[in-house]
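Proteins get letters first, then strands, A, B, ... in listed order; numbering begins at 1 in each. Computed from a prediction, not measured in an experiment: that's the story for all the values here.
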Protein chains: 2
Amino acid sequence: MSLGHPAETAPPPPYSVYSESCPTRLVLDRLADKWVTLILVRLAEGPRRFNELRRGIEGVSQKVLSQTLKRLERDGLIVRRAFPTVPVTVEYSITPLGRTLAETVQALARWAEAHIEAVMAAQAAYDAQIGAQASRATT
Amino acid sequence: MSLGHPAETAPPPPYSVYSESCPTRLVLDRLADKWVTLILVRLAEGPRRFNELRRGIEGVSQKVLSQTLKRLERDGLIVRRAFPTVPVTVEYSITPLGRTLAETVQALARWAEAHIEAVMAAQAAYDAQIGAQASRATT
DNA sequence: CTGAATCCCGAACGATACTG
DNA sequence: CAGTATCGTTCGGGATTCAG
C-alpha cells in the first residue's frame, strides 16, 4: 500500500489562483473577457446560431465573437454543430460543464444590474472629491 | 393623477448587460480584469497593505496593481487609508458593497480551481481533434 | 450564413527611474 | 513603503475583404 499505483487517490493538487504558474489562472483569464460572460448566459438560455448571438450581444464584432466561441469550445464549455444546409447553419449550445459555470457568471451579471447605481454613485462621489482636491491644489 | 409627479415610483430601469449603452456593461468590463477578482478575494479576507497585496498576488506589476486599486476605490468597492507614519503606511480594505461582489467572484475562483482539470482535458481532446483534422487535410 | 484573413490603431502592459 | 512618470513594446480588437 505504500508504493506502486500512485493513481487512484492522488493527493488533491493545491490549485490556487494566486500562483502565477497555476493553470487555474488560465481559466480566470479566460473569464476575464468582456464577452465570455454574456455569451455563456445567452447560451444557457438555449442554443443559438451565430448571427443570432451576434445580434443578441450588442457591440461584439464578428471577429471577436468567432474567436471567443472557438476558445469556449476548446475549453469544453460550449458545443458547435454545423448543419450541411445551404447556406450552412451553425448552432452553438452549452455543455453540462459550461452550464455550471454559466450559473456562476450569471450571478455576476445580476450583481452588475443590481448594484450599478451604487457603483455610479460611488464614482460620482469619488470624482467630486478628486475635483475638490485638484482645485485646492491649484489655489 | 394622470400626469405630473412621475418620480416616486419610477418604472424599474431596464438595465441589461446586453445593451451596448447600458452602464452595467461598464461594471462587467471592470470585472473582466485578470486582477480584480484576485484583489477582491484577497481583501475580503482582511485589510492588506500595498506591497502585501503585491506579494500575495503573483505576477501583478506594481503599476497595474496601483491602477486597479484606484479604479476599485473609485467604484466604491474598496477603501484606501493612509497613515502618516515614516515611511508612509497604506492599508486597503473592502467595503460592504465590495464584499457582496467578492462573494460572487469568489465563486468564480472556486469554479476555476474545481473544474480546471475538466477544462484542461477538454482542451487536450480538442487539440488532438484539430491535429487529426490538420494531418488529414495535408494527406 | 458563417466564418477566415488582412490591415491597422489605440489601449494596455512591463521595465525603469524618480519622488515623498 | 507606496506610489507617479515616462518610454517602448506588445496585443487585443474594429473595419474590411474574401471564401466555403
Side-chain angles (χ1 to χ4, degrees), chain A residues 20-21 25-26 28-39 42-43 47-74 78-93 126 129-130 133-134 136-138, chain B residues 20-21 25-26 28-39 42-43 47-74 78-93 126 129-130 133-134 136-138:
Chain A
E20 188 167 11
S21 58
R25 272 289 181 86
L26 300 178
L28 268 193
D29 290 0
R30 182 69 25 94
L31 300 181
D33 183 291
K34 295 171 56 170
W35 307 114
V36 166
T37 299
L38 299 177
I39 292 175
R42 271 286 191 253
L43 289 184
R48 294 283 188 275
R49 296 184 32 200
F50 187 82
N51 279 346
E52 205 175 352
L53 271 176
R54 183 152 156 54
R55 282 189 299 271
I57 302 177
E58 293 182 10
V60 67
S61 74
Q62 170 267 348
K63 174 187 173 181
V64 171
L65 178 58
S66 180
Q67 287 177 344
T68 307
L69 287 172
K70 198 173 296 183
R71 279 200 298 259
L72 291 177
E73 185 193 5
R74 177 167 182 265
I78 68 176
V79 168
R80 177 185 184 275
R81 290 182 57 196
F83 301 92
T85 55
V86 177
V88 61
T89 300
V90 178
E91 185 187 84
Y92 293 92
S93 53
Y126 182 90
Q129 187 66 19
I130 294 298
Q133 288 179 10
R136 220 178 306 142
T138 46
Chain B
E20 187 167 13
S21 58
R25 272 288 180 87
L26 299 178
L28 269 193
D29 289 0
R30 184 69 25 94
L31 300 181
D33 183 290
K34 295 171 57 169
W35 307 115
V36 166
T37 299
L38 299 177
I39 293 174
R42 270 287 190 251
L43 288 183
R48 294 283 188 276
R49 294 177 42 191
F50 186 83
N51 280 345
E52 203 175 353
L53 270 177
R54 183 153 157 53
R55 281 189 299 271
I57 302 177
E58 294 182 10
V60 67
S61 74
Q62 163 263 10
K63 174 186 174 183
V64 171
L65 178 58
S66 179
Q67 287 177 345
T68 307
L69 287 171
K70 200 174 296 183
R71 279 201 299 258
L72 290 177
E73 185 193 5
R74 178 168 181 264
I78 68 176
V79 168
R80 175 185 185 277
R81 290 182 58 197
F83 302 91
T85 55
V86 177
V88 60
T89 300
V90 178
E91 183 188 85
Y92 292 91
S93 53
Y126 182 89
Q129 187 67 18
I130 295 299
Q133 286 178 14
R136 219 178 307 142
T138 45

[atom1]/[X] to [atom2]/[Y] distance, rounded to the nearest 0.5 angstrom?
X       : Y       : atom1 : atom2 : result
B/Leu31 : A/Lys34 : CG    : NZ    : 13.0 Å
A/Leu72 : A/Leu43 : CG    : CG    : 8.0 Å
B/Tyr92 : B/Glu73 : OH    : CD    : 7.0 Å

**Request:** Anything under 4.0 Å to a heavy atom of chain A counts; send over the first and last such nucleotide of DNA chain D, read 5' to 3'.
**Result:** D/dG13 to D/dG20
**Message:** List the residues meeting side-chain hydrogen bond (donor to acceptor under 3.5 Å, both in side chains) with B/Ser21, not counting sequence neighbours, and say none if there are none.
**Reply:**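 Result, side-chain hydrogen bond (donor to acceptor under 3.5 Å, both in side chains) vs B/Ser21: none returned.
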**Prompt:** In chain order, what residues pass the side-chain hydrogen bond (donor to acceptor under 3.5 Å, both in side chains) check against A/Arg74, with sequence neighbours excluded?
**Reply:**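 For A/Arg74, the residues satisfying side-chain hydrogen bond (donor to acceptor under 3.5 Å, both in side chains) (neighbours in sequence not counted) are B/Asp127.
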What contact category does [X] fall into here, base, sugar-phosphate, or nothing, at under 4.0 angstrom with non-hydrogen atoms?
X       : result
A/Tyr92 : sugar-phosphate
B/Lys34 : nothing
A/Gln62 : base
B/Val88 : base
B/Arg54 : nothing

**Request:** Taking B/Arg42 for its side chain and B/Gly56 for its backbone only, find out whether a donor-acceptor pair lies under 3.5 Å.
**Result:** yes
**Prompt:** Given side chains that start at C-beta, do those of A/Arg25 and B/Leu38 come closer than 4.5 Å, heavy atoms only?
**Reply:**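 They are in contact (side-chain heavy atoms under 4.5 Å apart), so the answer is yes.
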**Asked** Are the side chains of B/Thr89 and B/Arg49 in touch, meaning some heavy atoms are under 4.5 Å apart?
**Response**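 When only atoms from C-beta onward are counted, B/Arg49 and B/Thr89 do touch, with a gap below 4.5 Å.
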**Message:** Quick check for you: name the first and last nucleotides of DNA chain C, 5' to 3', having an atom under 4.0 Å from a heavy atom of chain A.
**Reply:** C/dC1 to C/dC7
**Prompt:** If each of A/Pro87 and A/Lys70 is mapped to the nucleotide of DNA chain C with the nearest heavy atom, which maps nearer the 5' terminus, i.e. the 5' end?
**Reply:** A/Pro87
**Request:** With side-chain contact (heavy atoms from CB on, under 4.5 Å) as the test, would you mind laying out the steps for A/Leu53 and A/Val60 before giving the verdict?
**Result:** CA-CA 9 Å; A/Leu53 271 176; A/Val60 67; over 6 Å; no
**Request:** Not counting sequence neighbours, list each pair that qualifies as a side-chain hydrogen bond (donor to acceptor under 3.5 Å, both in side chains) and has a residue in residues 57-70 of chain A.
**Result:**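 Residue pairs passing side-chain hydrogen bond (donor to acceptor under 3.5 Å, both in side chains), neighbours aside: none found.
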**Request:** To the nearest 10°, let me know how far the axis at one end of the helix from C/dC1-D/dG20 to C/dG20-D/dC1 is tilted from the axis at the other, five pairs an end.
**Result:**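 Angle reported: 50°, given to the nearest ten degrees.
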**Prompt:** Between B/Lys63 and B/Glu52, which has a closest nucleotide on DNA chain D that is more 5'?
**Reply:** B/Glu52
**Prompt:** Which one of A/Asp29, A/Thr37, A/Val36 satisfies the side-chain contact (heavy atoms from CB on, under 4.5 Å) criterion with A/Asp33?
**Reply:**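 Of the listed options, the one satisfying the test is A/Val36.
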